[in-house]
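Written below as structure tokens is the structure these notes are about.
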Amino acid sequence: MFENRKFPILIFVYTIGIIYLSRLFYLQVVDKEYRSIDALNSIRKEISIPLRGQIYDRSGKLIVANEEVYDMYVIPQKVLPFDTVSFCNLFGIDKNYVDSMLNQAREYSKLRASLFLRQLSKQEYSGVIDAMIQYPGFHFEQSFYRTYPGNTMANALGYIGEIPKKQYEEQEEEYYRKGDYIGLAGLEKYYELDLRGTRGSRLVLMNSKGEDKGSYSEGRYDTAAVIGNNLYTHIDLGIQQLADSLFQGKVGAVVAIEPSTGGILAIGSYPTYDPVLLSGREFSKNYTVLAKNPDRPLNNRPVSAFYRPGSTFKLVQAAIGLGDGVITPSTSLSGNSKFSMHSAGETANLYTAIQKSSNPYFDNVLRRILHNIKETKGESQVALGLAAWNEKIRKFGFGIHLGIDLPSETKGVIPTPELYDKIYGKNQWKYSTIYSISIGEGEYGVNVLKLANLAAVMANRGYWVTPHIVNTVGLDPKAGKKTAVEIHQTGIDKRHFEEIVKGMELVVQAGTGRAAQIKDIEVCGKTGTSQNGKGKRDHALFIGFAPKHNPKIAIAVVVENAGFGGVASAPIAGLMMEKYLKGAHNREAYKQQIMATRYTTVAGKSL
């Protein structure tokens, strides 16, 4: 049976072989196009870099744009001896630069293109292109660099730069070439795959003199570049730029959120820098200067800097206390406390305790929360209570990643039984050891984003939406891909938050937050003072939202080493909320804030 099949199989194999060899003979001997290419002996693949996606604010104003430029590449094997002096004069460079770049290119690959000179403007390109026939091995590719019409948000936007060596070598798909740009920080990094677009390519026939003889095969194998997707953000450029002016000469951060959506309306880190410094040929030099600046302008404070939340955290204690049933709004707590009172009557009820920021009141609230454990099973009641309290504050977003669309968000630090066991030893600590956490001091590390998120929780009466800067990704804001978000519940009844909001309203009406008042708008807030253990003045905090009903904006402001939140931070928050809600701000209040004595001394020169 098998003998009968042998010959048909052999005939089939031989037939396939003959067809294959015939095709090779046709391509290599008969086909005129192939023979002409072989004679020329050169096909160059030109890469077409797509324009990177642009970034817009919520009303369509450009925050980040592109300007077209030309990059020059070199293929070492094709370089012939040339007049170095004329070449240097043509491009305004020196011989050391030429030698260095050629050596680097040879080390990388003699056959593949390497970046030689970056970002020639259209005018510069027009002035040199005719002379390039004298310099075989060098060619241009169209590229771009970032421009910043908004001149703001440098830390959140991030920057692009040459792909790092390790990242280049470890890329899973061979997309980036040596010297290519890639997002290295901020939104540019987080949305790299969306922003970069899709590269195109063109096969070009070259003669022995290096002259362009047109497209190979009439362009049948060419592909067009596809522009990158745009980012349409929630940012309000007006209040973002207002924050920049209000923070001149100060160190700190601000985050404003639309409570109902989680959209970031403003996010500022100060001192900041001109984003154009990290866009262009001088990237390396400028980055080095910024990195050495003692004020750390490259540090994205809103999502990475740690502060103690201070008295703003009393709002969390109040919510948990009400939810656990250990207090009611009318509960008077003037019992034993290591803290002294600020003023008479501050412990009369929850409302006055929030208004006057009573330390003794919230000391007793946390004491009740931690001792509200019935079954201990031999374990420390305070340790078990603290563990349960931990789970509740995590639902407010503390000690976890909130999920903002930035690559540098930190979880922060919250007090835990494990932490105290490590510091003091197992069962070697009790409530009197850790009582300072009741007023937001002690073992906390909280960024400004989390404080703004806390303001949003209060505005929403018990829940928060994943904070995010980008609303839509695509070429059309109406048809693009929406950023995925999630609603996070604190698990505490809405009615309890209504009682806390009454106290927050008193803070702004007749308490320490009066500087955040807005005419004809009900503002709710809480000031705070964050202790600074570095021998400097305390940090000034304010969180709040407006209007009281159907809130449109929640905000957190931290001014480092400024002392009191009601003096340094509340006015900034008030002006920003007013600008967002009314479209304009109180000019006299703005002038007073700008002309006021600076609260901090900036150690180095801010770029």
Side-chain angles (χ1 to χ4, degrees), residues 42-52 66-146 159-165 167-169 171 174-182 184 196 199-212 225 278-288:
S42 179
I43 303 176
R44 187 177 77 222
K45 184 178 183 180
E46 291 185 349
I47 299 296
S48 176
I49 304 294
L51 287 176
R52 198 169 176 87
N66 301 304
E67 183 167 326
E68 293 185 32
V69 291
Y70 294 85
D71 294 337
M72 185 163 69
Y73 286 80
V74 61
I75 301 175
Q77 190 180 57
K78 296 184 178 182
V79 175
L80 301 177
F82 60 93
D83 185 340
T84 309
V85 174
S86 298
F87 186 81
C88 290
N89 291 336
L90 184 65
F91 292 100
I93 54 180
D94 58 40
K95 187 175 184 299
N96 289 334
Y97 179 88
V98 174
D99 293 340
S100 174
M101 296 306 291
L102 284 176
N103 287 334
Q104 288 182 37
R106 292 187 188 103
E107 289 176 6
Y108 165 61
S109 172
K110 292 182 179 180
L111 300 174
R112 300 174 69 179
S114 289
L115 182 68
F116 185 85
L117 187 63
R118 191 182 289 284
Q119 296 180 348
L120 273 71
S121 67
K122 290 182 179 179
Q123 293 76 17
E124 291 172 322
Y125 172 77
S126 299
V128 301
I129 188 60
D130 290 339
M132 293 310 296
I133 193 173
Q134 305 174 45
Y135 307 107
F138 294 90
H139 68 276
F140 286 99
E141 293 180 11
Q142 192 175 48
S143 185
F144 65 91
Y145 76 94
R146 293 302 232 180
Y159 48 85
I160 60 176
E162 289 189 22
I163 184 171
K165 181 180 179 182
Q167 191 172 352
Y168 166 75
E169 293 173 345
Q171 59 180 321
E174 193 174 345
Y175 180 85
Y176 300 100
R177 300 169 301 169
K178 185 175 180 291
D180 279 350
Y181 274 161
I182 190 172
L184 297 176
R196 74 184 188 184
R199 298 184 176 191
S201 63
R202 175 175 176 251
L203 299 180
V204 181
L205 295 174
M206 308 294 293
N207 65 16
S208 58
K209 297 180 180 179
E211 296 172 328
D212 186 334
L278 298 184
S279 176
R281 299 182 197 174
E282 301 297 315
F283 175 92
S284 297
K285 185 177 84 171
N286 291 334
Y287 184 89
T288 300

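For the side-chain contact (heavy atoms from CB on, under 4.5 Å) test, residues two or more places apart in sequence or in another chain that qualify with N103 are R106. Applying the ring pair (Phe, Tyr, Trp, His ring centres under 6.0 Å) rule to F138 yields the partners F82, F87, F116; only residues at least two apart in sequence or on another chain are considered. Annotation: salt bridge (Lys or Arg N to Asp or Glu O under 4.0 Å) contacts of K95 (sequence neighbours excluded): D99. Legend: residues meeting side chain to side chain donor-acceptor pair (under 3.5 Å) with S86, ordered by chain and number and at least two apart, are D83. Residues meeting the side chain to side chain donor-acceptor pair (under 3.5 Å) test with E68, sequence neighbours left out: Q142. The salt bridge (Lys or Arg N to Asp or Glu O under 4.0 Å) search around E282 returns K285, not counting sequence neighbours. Here Y176 pairs with nothing under the ring pair (Phe, Tyr, Trp, His ring centres under 6.0 Å) rule; sequence neighbours left out. Checked against salt bridge (Lys or Arg N to Asp or Glu O under 4.0 Å), E174 has the following partners two or more places apart in sequence or in another chain: R112. Here Y135 pairs with nothing under the side chain to side chain donor-acceptor pair (under 3.5 Å) rule; sequence neighbours left out. For S100, the side chain to side chain donor-acceptor pair (under 3.5 Å) partners are Q104, not counting sequence neighbours. Here R199 pairs with D180 under the salt bridge (Lys or Arg N to Asp or Glu O under 4.0 Å) rule; sequence neighbours left out.
A donor-acceptor distance shorter than 3.5 angstrom exists from the side chain of S279 to the backbone of R146, with no hydrogens or angles considered.
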### Task
Might you work through the side chain to side chain contact (heavy atoms under 4.5 Å, CB included) test for M101 and I93, ending with a clear yes or no?
CA-CA 11 Å; M101 296 306 291; I93 54 180; over 6 Å; no

### Task
Let me see the working for R52 and R196 under side chain to side chain contact (heavy atoms under 4.5 Å, CB included), right down to the final yes or no.
CA-CA 5 Å; R52 198 169 176 87; R196 74 184 188 184; 4.0 Å; yes

#### Entry: side chain to side chain contact (heavy atoms under 4.5 Å, CB included) evaluation trace for F144 with I160
CA-CA 11 Å; F144 65 91; I160 60 176; 4.1 Å; yes

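The ring of Y97 has its center no closer than 6.0 angstrom to the ring center of F91.
One distance of note links NZ of K178 with NZ of K165; it measures 9.0 Å at 0.5 Å rounding. Taken from CD1 in I49 to CG in D71, the straight-line distance is 8.0 Å, to the nearest 0.5 Å.
Both tests hold for R118 against Y181: distance to the six-membered ring centre under 6.0 Å, angle to the ring axis within 45°.
The salt bridge (charged side-chain N to carboxylate O under 4.0 Å, His left out) analysis of residues 120-140, with sequence neighbours excluded, yields the pairs E124-R281.
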